[in-house]
Structure formats: structure tokens, C-alpha cells
K.L.:
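Here it is, the structure in full.
Treat the numbers as computed from the prediction; the structure is a model and nothing was measured. Remember, it's 1-based here, ligands and their atoms both numbered in the order they're listed.
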Amino acid sequence: MSFEVILANLRGMCQGVSRAIATVEHAIRLYGPERVWVLHEVVHNKHVVADLAARGAHFVESLEEVPDGSVLIFSAHGVSIETEEEARRRGFTVIDATCPVVAHIHRKLNQAGLEGLEAVVIGHNGHQEVLGTIGQYRGDKSHVHVVLTPEDVDRLQLDGAQAIFATQTTLSVDETAKTVARLKERFPEIRGPKRDDTCTATQDRQNAIRELAQCCDLIVIAGSANSSNSNRLREVAESAGVRAYLVDDYSMLDDSWFEGVSAVGISAGASAPEYVVEGIVDYLKAHGAVSVSTIGREHKTHAFPLPHGI
Ligand code: SF4
């Protein structure tokens, strides 16, 4: 078995994820690990959560589990107004690590509720970010409609002149374009972003996968199964006609995948640490890789400032 390995230059952690992780790290240093509690996985990556838990941070799924007097961190995906209010009522020291891109969408939903507009959220129902976005609508939540596909849009009943739309930040850009097109076709007066609310990190990583797919027979994506943007990278590769696998780390690789393959592409979701990519590359070097190169433009980003309270 021999093949080349090609890494997408633009891959892995985005500014929102780096900021959320740095927030937990700073909080541990500032307040001591025994006081730091994080509501939900701070980002959707098994290794990141395990690393921070090993340093003492506590991860919980509900506020009832958080002791009085704690420092409470909201994850990068954001939370509802009710959760914010309950955290204040309980007197926690709250640090909000919601990604600024998501927080911008929250403000739009909040305002729509205040103005009595209906809201259409394009996204995966039940995903933490979508739950937070719905929860930021200030008013009767029955006026918020979650859709994903054009067929979902066909079932909507609303007055487009009195509605806005927003999207999850980590969707497939191509698939979302179809849903937005149907939405604007059915409700020409609906207000919303020119295209969608997918963030630059999502768009850039999907573009990089398309480029990678042109020169590989197989693509391995580093990322966890519950990571929306990582799953979308796998789908983008597959829709470009390339076999693709999503793995938490090298231990999930199966040697049979690489039989008869001449070029293996590697990328990583926006929440996956670079050491996971390095582990995959090391494994492949020991199992048939004859060269390792990178393609695509350079990965330059500006860090988001840390949240208030850190
Ligand atoms: S993927 Fe986009 S929205 Fe999500 S944390 Fe990263 S920058 Fe923010």
C-alpha cells in the first residue's frame, strides 16, 4: 500500500472555537477549576472537552447541576434568554463564550420577537446552536419555524412581509442556498441576509474541501460525530464524488480504506485540535504514505477578543 497525503491548508479550529477554549482555560486559571462549570460541550469535539475536563472544568447539561457560587460558562453555540435569566437569578458569575457570529444572529431573533415578526430558522432542529437561536426570540416561540430543506419551506404558512429568516452558521453552503432560494421564491418580502448566515470559517473550509477533492481518491476529516461543520465537510467531499470519513482521531482509521488509493486528503472541522490531524498524519506515514504536502491558500485569521469577565 503506498499513497500520497495532501492536507487542506485551511482546516481545523476557527476563531470562535479558539476563543471558547481560551475562555475556559482563563477561567480555570482565574477562579480555580473547582468553581468552573460549563453548560453543554463548550465546542463539539470529544478531545477538547476531555482535555478541559482533565484540567478540572465541569461540563453539565442543565443549570440544576451547577452549585451555587459557581462560575458558569455558556458554550460557543449560545443559549436561550430563559437560560441567561435563570443563570442571573441563581447568582452565578456568568461568562458568555457564545461565538460573536452566533451572538449577532441572536440579536436579530431577539429584535424580531420584539417587533412581533415571525422568524424562520434554517438549520438542524435540536442542534445546540439552533436551540439557542430559537431561544433568543423574545416572544411566543410558536412564531419561530425551523426548516432545513426546500420541501420544509413548502409546508410553511406565514406572511412574508411580517417575517425574517436566519440560518445556522455551520450548514452546507450549497444546500442552504437551495432552501433560501425556495424561501425567497415563496415569500419574496421576507427579510434576512443576502445569502445566509453561514460563517466565513464554514465557507472557507468547505471551499478548501472542494479543492482537495479534485486531487484525492479519499478524504479523512478530523472531527467528532456531533460536530455540524465537520459532518458538512464530509458531505461536501462526498458530493464532489470522493469517499470521505469523519474520525475523532487516528484510532478510528481502518487500513482497508486506503487499499488501491493513490492520494489521501486530510482536513479538520472547526472544532478539531491540530494535534489530532498530526496523529492522523503520523499514522498514515507509518502505514503507506510516501509523501505529505498541503494545498490551498494560507490560513490567516484574526483572533476574536475574549468575553467580558475573563
Ligand atoms: S464555526 Fe463559525 S460560528 Fe461556529 S464557532 Fe466557528 S466562527 Fe463561530
Side-chain angles (χ1 to χ4, degrees), residues 8 10-26 38-49 51-52 59 73-80 95-110 121-124 126-136 165-176 180 192-193 195-209 221-236 246 267-274 276-277 299-308 310:
L10 218 158
R11 65 175 183 271
M13 284 198 182
C14 63
Q15 305 102 299
V17 163
S18 300
R19 172 182 184 264
I21 295 169
T23 299
V24 180
E25 291 170 340
H26 276 68
V38 186
L39 185 60
H40 307 306
E41 291 193 346
V42 68
V43 302
H44 283 158
N45 186 272
K46 182 178 123 171
H47 287 286
V48 169
V49 172
D51 289 348
L52 292 170
F59 290 89
I73 299 175
F74 294 148
S75 78
H77 309 100
V79 298
S80 66
I95 302 170
D96 187 358
T98 304
C99 174
V101 181
V102 176
H104 173 72
I105 298 166
H106 283 185
R107 287 192 286 277
K108 291 196 290 185
L109 266 286
N110 203 302
V121 176
I122 301 173
H124 294 271
H127 185 276
Q128 208 62 53
E129 181 188 325
V130 173
L131 293 175
T133 300
I134 298 167
Q136 286 290 330
F165 78 93
T167 79
Q168 193 177 338
T169 56
T170 51
L171 296 176
S172 153
V173 173
D174 292 343
E175 296 305 312
T176 307
V180 171
R195 195 179 64 177
D196 58 43
D197 293 304
T198 60
C199 66
T200 311
T202 293
Q203 295 163 14
D204 287 349
R205 280 155 189 70
Q206 289 179 16
N207 288 337
I209 284 285
I221 312 285
S224 288
N226 62 344
S227 162
S228 172
N229 80 85
S230 303
N231 276 291
R232 303 298 82 76
L233 292 181
R234 179 179 49 76
E235 289 168 3
V236 168
L246 178 63
S267 184
S271 43
E274 183 60 14
V276 169
V277 173
H299 191 165
K300 276 191 192 149
T301 55
H302 300 287
F304 287 152
L306 289 176
H308 183 70
I310 281 293

K.L.:
Tell me: protein heavy atom nearest atom 3 (S) of ligand 1, and distance?
P.N.:
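Among all protein heavy atoms, the one nearest atom 3 (S) of ligand 1 is Thr169 OG1, 3.3 Å.
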K.L.:
Among protein heavy atoms, which sits nearest to atom 6 (Fe) of ligand 1, and what does the distance come to when rounded to 0.1 Å?
P.N.:
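Protein heavy atom with the smallest distance to atom 6 (Fe) of ligand 1: Cys14 SG, 2.2 Å.
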K.L.:
Does Lys46 pair with Glu41 as a salt bridge, N-O distance under 4.0 Å?
P.N.:
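Answer for the salt bridge query: no.
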K.L.:
Once you restrict to heavy atoms under 4.0 Å, what part of Ala76 touches ligand 1? Side chain, backbone, both or neither.
P.N.:
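The answer is neither; Ala76 stays 4.0 Å or more away.
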K.L.:
Show me which atoms of ligand 1 lie under 4.0 Å from any heavy atom of Cys199.
P.N.:
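The list of qualifying atoms is 1 (S), 2 (Fe), 3 (S), 7 (S).
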K.L.:
Regarding Cys99, does it place an N, O or S atom less than 2.8 Å from atom 8 (Fe) of ligand 1?
P.N.:
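So Cys99 counts as coordinating atom 8 (Fe) of ligand 1, yes.
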K.L.:
Are Thr198 and Asp196 close enough that a side-chain donor and a side-chain acceptor fall under 3.5 Å?
P.N.:
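Yes.
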K.L.:
Could you pull out the closest heavy-atom pair between Ile310 and His26, with the gap in Å?
P.N.:
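The answer is CG2-CB, 3.4 Å.
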K.L.:
Looking at every heavy atom in both Pro307 and Ile95, which two are closest together, and how far apart are they?
P.N.:
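Between these two residues, the closest heavy atoms are CG-CG2, 3.9 Å.
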K.L.:
Establish, from distance only, whether the side-chain atoms of Arg232 and Gln168 form a donor-acceptor pair under 3.5 Å.
P.N.:
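Gln168 and Arg232 do not have a side-chain donor-acceptor pair below 3.5 Å.
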